Amino acid sequence: QVQLVETGGGSVQTGESLRLSCAASGYTFTTYALAWFRQAPGKEREFLAAISASNGGTYIGDTGRDRFTISKDNAKSTVYLQMDRLKPEDTAVYYCAANVRNAVAGYEDLYDYWGQGTQVTVSS
């Protein structure tokens, strides 16, 4: 079965960087688009970035446009989210998601599989 496992979360100070990883298994990695979302306490889940399974094309949402980068390593079946210049408002649980249509988009309902999430805490 499809599994997505996020790692790399933690506690950092304002201005620091983190790189999140999402290891995918249970399917051919180059067939499903992958994305990152986050959810802060009391808020709805928010789209951050997506990447095409086939050609590596990316789409970054408004939230992370200047500070977040999505990439993938096909050989490791892993997608990454590089987050720079972190702020306290970036504190949230970060989720990896996959959709079988290979749609590079931010609509949460498009995504068929989700990881368990990894906590990121940014202190001032």
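Keep in mind that what you see is a predicted model, and the values were worked out from it rather than measured.
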Fill in: Distance, nearest 0.5 Å, that separates OG of Ser71 from CZ of Arg19
6.5 Å
Worksheet item: Should Tyr80 and Tyr32 be counted in the same cluster of Ile, Leu, Val, Met, Phe, Trp and Tyr side chains packed under 4.5 Å apart?
Response: no
Fill in: Flag, side chain of Thr30 to backbone of Ala53, donor-acceptor distance under 3.5 Å
no
Worksheet, complete the sentence: Rounded to the nearest 0.5 angstrom, the SG-CD distance for Cys96 and Gln3 is 12.0 Å
Discussion item. Using 0.5 Å steps for rounding, measure from the CD atom of Gln82 to the CG atom of Leu18.
Written reply: 8.0 Å
Worksheet, complete the sentence: What one should report as the nearest heavy-atom pair of Phe29 and Leu34 is CE1-CD1, 3.3 Å
Worksheet item: Side chains of Leu4 and Tyr95: closer than 4.5 Å at any heavy-atom pair?
Response: no
Worksheet item: Any sub-3.5 Å donor-acceptor pair from Thr91's side-chain atoms to Val122's backbone N or O?
Response: yes
Worksheet entry | For Phe37, the option from Tyr94, Phe68, Phe47 that meets ring-ring contact (aromatic ring centres under 6.0 Å, His included) | Phe47
Practice prompt. Mind listing the closest non-hydrogen atom pair of Arg101 and Leu110 along with its distance?
Written response: NH1-O, 2.9 Å
Worksheet, complete the sentence: What one should report as the nearest heavy-atom pair of Ala103 and Ala33 is O-CB, 3.5 Å
Worksheet item: So, for Thr78 and Ala23, which heavy atoms are closest and what is the spacing to 0.1 Å?
Response: OG1-CA, 4.0 Å
Worksheet item: Does the side chain of Tyr113 come within less than 4.5 Å of Gln1's, by heavy atoms?
Response: no
Worksheet entry | Side chain proximity check, Val2 to Asp112, heavy atoms < 4.5 angstrom | no
Item to complete: Please tell me if the side chains of Ile70 and Ile60 come closer than 4.5 Å, counting only heavy atoms from C-beta onward.
Response: yes
Item to complete: State plainly whether one hydrophobic cluster holds both Val12 and Trp36, where clusters connect Ile, Leu, Val, Met, Phe, Trp and Tyr through side-chain heavy atoms under 4.5 angstrom apart.
Response: yes
Discussion item. Between Leu48 and Met83, is there a side-chain heavy-atom distance shorter than 4.5 Å?
Written reply: no
Worksheet entry | Main-chain N/O of Thr31 paired with Thr28 side-chain donor or acceptor, under 3.5 Å | no
Worksheet entry | Main-chain N/O of Gly57 paired with Ser52 side-chain donor or acceptor, under 3.5 Å | no
Worksheet item: Rounded to the nearest 0.5 Å, how far does CG of Asn55 lie from CG of Asn102?
Response: 7.5 Å
Practice prompt. Without swapping roles, check the side chain of Glu6 against the backbone of Gln116 for a donor-acceptor pair under 3.5 Å.
Written response: yes
Discussion item. More than 12 heavy atoms of other residues, nucleotides or ligands under 6.0 Å from CD of Gln13: yes or no?
Written reply: yes
Worksheet item: Name the one of Thr69, Val104, Ile51 that satisfies side chain to side chain contact (heavy atoms under 4.5 Å, CB included) with Thr58?
Response: Ile51
Fill in: Trp114 and Tyr111 aromatic ring geometry - parallel, tilted or perpendicular at 30°/60° bounds
perpendicular
Worksheet entry | Joint hydrophobic cluster, Val100 plus Tyr27, side-chain heavy atoms closer than 4.5 Å | yes
Worksheet item: Do Lys87 and Arg67 have side-chain heavy atoms sitting under 4.5 Å apart?
Response: yes
Practice prompt. Would you please test Asp90 and Arg38 for salt bridge (charged side-chain N to carboxylate O under 4.0 Å, His left out) and show each step?
Written response: CA-CA 9 Å; Asp90 294 318; Arg38 72 182 183 188; 2.8 Å; yes
